[in-house]
Amino acid sequence: MLTERIQRAKNEYVNNKPAISYDRARIWTESYKKTEGQTEPIRRAQAFKDVCEQLVVTIFPGELIVGAVGEFRKCGILTPEFSWTWVDREMDHFSDRVQDPYEMTDEQRAFVRQNIFPYWKGKSLEEAFLAQIPAETAKVAVDTGIIDIDSKWRQSVGEITPDYQDVLFKKGFRGIIDTCREKMAQLKLSQPDALKKYDFYRSVILCGEGMIILAHRYADKAEEMAAAETDAVRKSELQQIAAICRRVPEFPPQTFQEALQMIWFYQLGGILMENPLSLNPGRFDQYMYPYYRYDIDNKLHDDDGILELIECYWLKLSEWVWTISANTADFFAGYNQFQNLTVGGSDRYGKDATNELSYLALKATAEVKTHQPGLSVRISQNSPKEFVDAVMDLVALGTGFPAIHSDKTGYQMLKNLGYDTEDARDWNNCGCVVPHFRKTFEWTSTVNVNFSGAFEYATNGGKSRMTGKQMGLPIYQDRKFASYEDVEKAFMEQFDNLIDISVTGTLIAQRLQKDMIPRPYFSALFEDCLEKGKDLVDGGAKYNVGPVLTGIGLAESANSLAAIKKLVFEDKVCTMDEILDAMDKNWEGYEELRKQAQNAPKYGNDDDFVDDIAQRISNHFYEETHKYTDIYGNPFTSAFMGISNFIPTGRVIGATACGRKAGEPISEGVSPVAGTDTSTPLAAMNSCAKMNQDVHSGGTLLNMRLSHDLVKTKRGRSNLAAMVQTFFDMGAFHVQFNTLSTETLIEAQKHPEDYKDLLVRVAGYSTQFVHLSKTLQDSIIRRSVHDGF
């Protein structure tokens, strides 16, 4: 049951449309005008400090955890140093764009065009990338839906798990500043690399000072509001907020509320610095547990009081909005910031570490129904039955939460990357489904690779069926294939070319991010960075992991290859020319053949005929990707994570051999194509588990829909738990469930005003159903609904 405070905040969360604030961009721009000629780390850090000193300070009614990115409660910001040209092109239609619209006034648009954008012309990361990428690479890798690197050259990298327990909670920013000053005093500036280290430490100090100033400004604001407050209870709350903001994040926290305020302040600072994707709260129930115990033992709060504070934090994570282009919104739909919070699982020594906060996190998600944080759970055979039961109870609510992960497979994924054993056990999730560790520098969702593009180019001489443009290798242009093996060989050759293009674009983006976007704010929480005097972008972290390429369309590609193998080369119901002509004509005039194609073996039904093809593609993806190294010398790695990328990647692909028509969605993660897993959920899981998931260290994802009747009873939920445990025993990493009825989803489409807080699982995340385009809503509705085990 929500408290009155939380209910009021939630009402604003679900009813307010995200609005754009230019305050951060204005201050940042003015700062850069004053620091011309200084080194980039100092310029970024000084701009951040200036934002902390000047940004509007707002405490909204009833808040217990304070700090906002701008003047609006549901707010997005602009970061012109990353990109501004897309904002200039799109902002006149922000409010009416199909996916993730924003409110922006005429006055705001006029201001940024006159006072902000002119300064950044020719200076942004986006412009540098577009100027440097070769034309042949750009033809496939810029806004095409085939190779998408958009979020790494129009936005910040993000993808950080702050080290609260080992750094910020132990030292506070005051201690970090003191460490940097000690290190600076030891430098001999005549040494070749000393000046760079000196600037690194100076930049970290500026960031730390900025955060202390920002917190003290919130303390001032709370004191000012308390002085004017007539309600005795609220006056006391504001006085307590002021006292907390005087202490954190400058000094280590003592109480649960101080620790919670500290991690939100750090999150807020990260947003103001970079507007990042995937700034992950990490293992919340582990690092927050000592403060939970302190409050309980000292009778500062009971569990209900702790729960209300957690729900305040959930709302803060949900109120800031990631400002992105229309193209990026197609791939990351639903105002999602991918702030992944992980509970459950083993500790660093292999012992189950589930605790009271693990359960309270589940309860907060069930009660408040915010789309953030992205709640993930780690379970194993050692997880308490009560915790697994609580997880299944949350699944049955239909919110799509939590994402459920295998403790053991996550560990193995990190061991395969070379992590120390204890660190690998201590993993959390990053973004969607990426096993991660807080001392890591990694680009997770780096490139979306459209596998169906490889199939299209293999069967069409390297050309797009929809545009006729030469996008792939000019091979098999006569479209003559003597055997199925020839078709699969052509697919793999086109596939390898797409990987090569992905790597090329990534290396350019990596080099530019390294040169243009130092990250002193995030480096401050990396012990190794502070010890070495090296920024994250210079390889300062303990673990530096190669970029992750994300495969889209595994199931769709396998289904199409299987259809050709079955219909053309085994059953001989048609010729290769006929099925190619059917695809060219979008199946018009080939209705009977299309039915046969739709009835061909489909991945997701435990059928080795097609599953073997999917496994070969999956293995080849890892092997080919792993051949390449990034600018730091680290091997690239692979993933099958899912976001909303299966919509735009399908939009640019013509008809395919499995019976799919042009422009329709493809498949995401290691999930079946929507509606084609017509057997049992266990059969779908068996198909998925055949992939060697532990080598895909960027994460694997399985989305499933279950009938609500299947999980509404305790017995049904127990059966589901047993099925999930069996799935993980087969080596799988992740599964998540939608359990809302089709009738509910259709009603929500018709009457969105009545379903504003209805959460659904899109792919690697949940968000409000009403915030999704109709195409994306329809794709979720189209997924097979399993009504039996």
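Just so it is clear, the model here is predicted, and its values are computed rather than measured.
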[X] side chain vs [Y] backbone, donor-acceptor pair below 3.5 Å:
| X | Y | result |
| --- | --- | --- |
| D389 | F387 | no |
| T399 | V395 | no |
| E274 | S156 | no |
| R283 | M288 | no |
| S31 | I27 | no |
| T767 | N336 | no |
| R519 | G158 | yes |
| R73 | N16 | no |
| R174 | P249 | no |
| E250 | R247 | no |

[X] to [Y] - nearest heavy-atom pair and separation:
| X | Y | answer |
| --- | --- | --- |
| A524 | V167 | O-CG1, 3.8 Å |
| M392 | A721 | CE-CA, 3.7 Å |
| H301 | I296 | O-CD1, 3.3 Å |
| Y218 | T58 | CE2-O, 3.4 Å |
| L525 | D163 | O-CB, 3.3 Å |
| Q286 | A353 | NE2-O, 3.1 Å |

Quick check, are the ring centers of [X] and [Y] under 6.0 angstrom apart?
| X | Y | value |
| --- | --- | --- |
| F769 | Y755 | no |
| Y102 | W322 | no |
| F256 | Y294 | no |

Would you say the side-chain atoms of [X] and [Y] include a donor-acceptor pair closer than 3.5 Å?
| X | Y | result |
| --- | --- | --- |
| N340 | S376 | yes |
| H405 | N429 | yes |
| Y359 | D303 | no |
| T3 | E308 | yes |
| T179 | K171 | yes |
| E159 | T444 | yes |
| S358 | D285 | yes |
| H708 | T739 | no |

[atom2] on [Y] to [atom1] on [X], rounded to 0.5 Å:
| X | Y | atom1 | atom2 | value |
| --- | --- | --- | --- | --- |
| L758 | L740 | CG | CG | 5.0 Å |
| K316 | Y13 | NZ | OH | 13.5 Å |
| Y289 | L357 | OH | CG | 7.5 Å |
| D50 | R26 | CG | CZ | 10.5 Å |
| R348 | R425 | CZ | CZ | 9.5 Å |
| Q261 | I65 | CD | CD1 | 5.0 Å |

Could you check V248, D295, L309, L260 and say which one makes a side chain to side chain contact (heavy atoms under 4.5 Å, CB included) with T255?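 Among V248, D295, L309, L260, the one meeting side chain to side chain contact (heavy atoms under 4.5 Å, CB included) with T255 is D295.
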Step by step, would you call S21 with E71 a side chain to side chain donor-acceptor pair (under 3.5 Å)? CA-CA 7 Å; S21 170; E71 62 269 36; 2.6 Å; yes
Salt bridge (charged side-chain N to carboxylate O under 4.0 Å, His left out) for E4 and K10? Distances and angles first, verdict last. CA-CA 10 Å; E4 183 180 347; K10 182 184 173 180; over 6 Å; no
Could you go through K542 and T440, starting from their C-alpha distance and side-chain angles, then the distance that decides it, and tell me whether this counts as side chain to side chain donor-acceptor pair (under 3.5 Å)? CA-CA 6 Å; K542 180 177 182 179; T440 300; over 6 Å; no
If you count the non-hydrogen atoms of other residues, nucleotides and ligands that lie under 6.0 Å from NZ in K17, is the total more than 12? yes
Within 6.0 angstrom of K363 NZ, more than 12 heavy atoms from elsewhere: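 Not more than 12 within 6.0 Å, no.
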Report yes or no: is the cationic atom of R24 (NZ for Lys, CZ for Arg) under 6.0 Å from the centre of the six-membered ring of W28, at an angle within 45° of the ring normal?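 So R24 does make the cation-pi contact.
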Examine K439 relative to F526 and say whether NZ or CZ is less than 6.0 Å from the centre of the six-membered ring and inside a 45° cone about the ring axis.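 Output no; distance or angle outside limits.
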side-chain contact (heavy atoms from CB on, under 4.5 Å) against P281, all qualifying residues, sequence neighbours excluded: Y287, Y313, L317, Q339, L341
What class does the angle between the rings of Y521 and F48 fall in, given that below 30° is parallel, 30 to 60° is tilted and above 60° is perpendicular? tilted
Pair E319 + K74: basic N to acidic O under 4.0 Å: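 No, E319 and K74 are not salt-bridged.
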Begin from the C-alpha positions of R234 and E229 and carry the test salt bridge (charged side-chain N to carboxylate O under 4.0 Å, His left out) through to its verdict. CA-CA 7 Å; R234 184 56 182 163; E229 181 60 61; 5.1 Å; no
Yes or no on side chain to side chain donor-acceptor pair (under 3.5 Å) for H771 and Q99, after CA distance, side-chain angles and deciding distance? CA-CA 7 Å; H771 288 162; Q99 188 62 68; over 6 Å; no
Given N428 and T161, is the side chain to side chain donor-acceptor pair (under 3.5 Å) satisfied, shown in steps? CA-CA 8 Å; N428 62 277; T161 300; 3.0 Å; yes
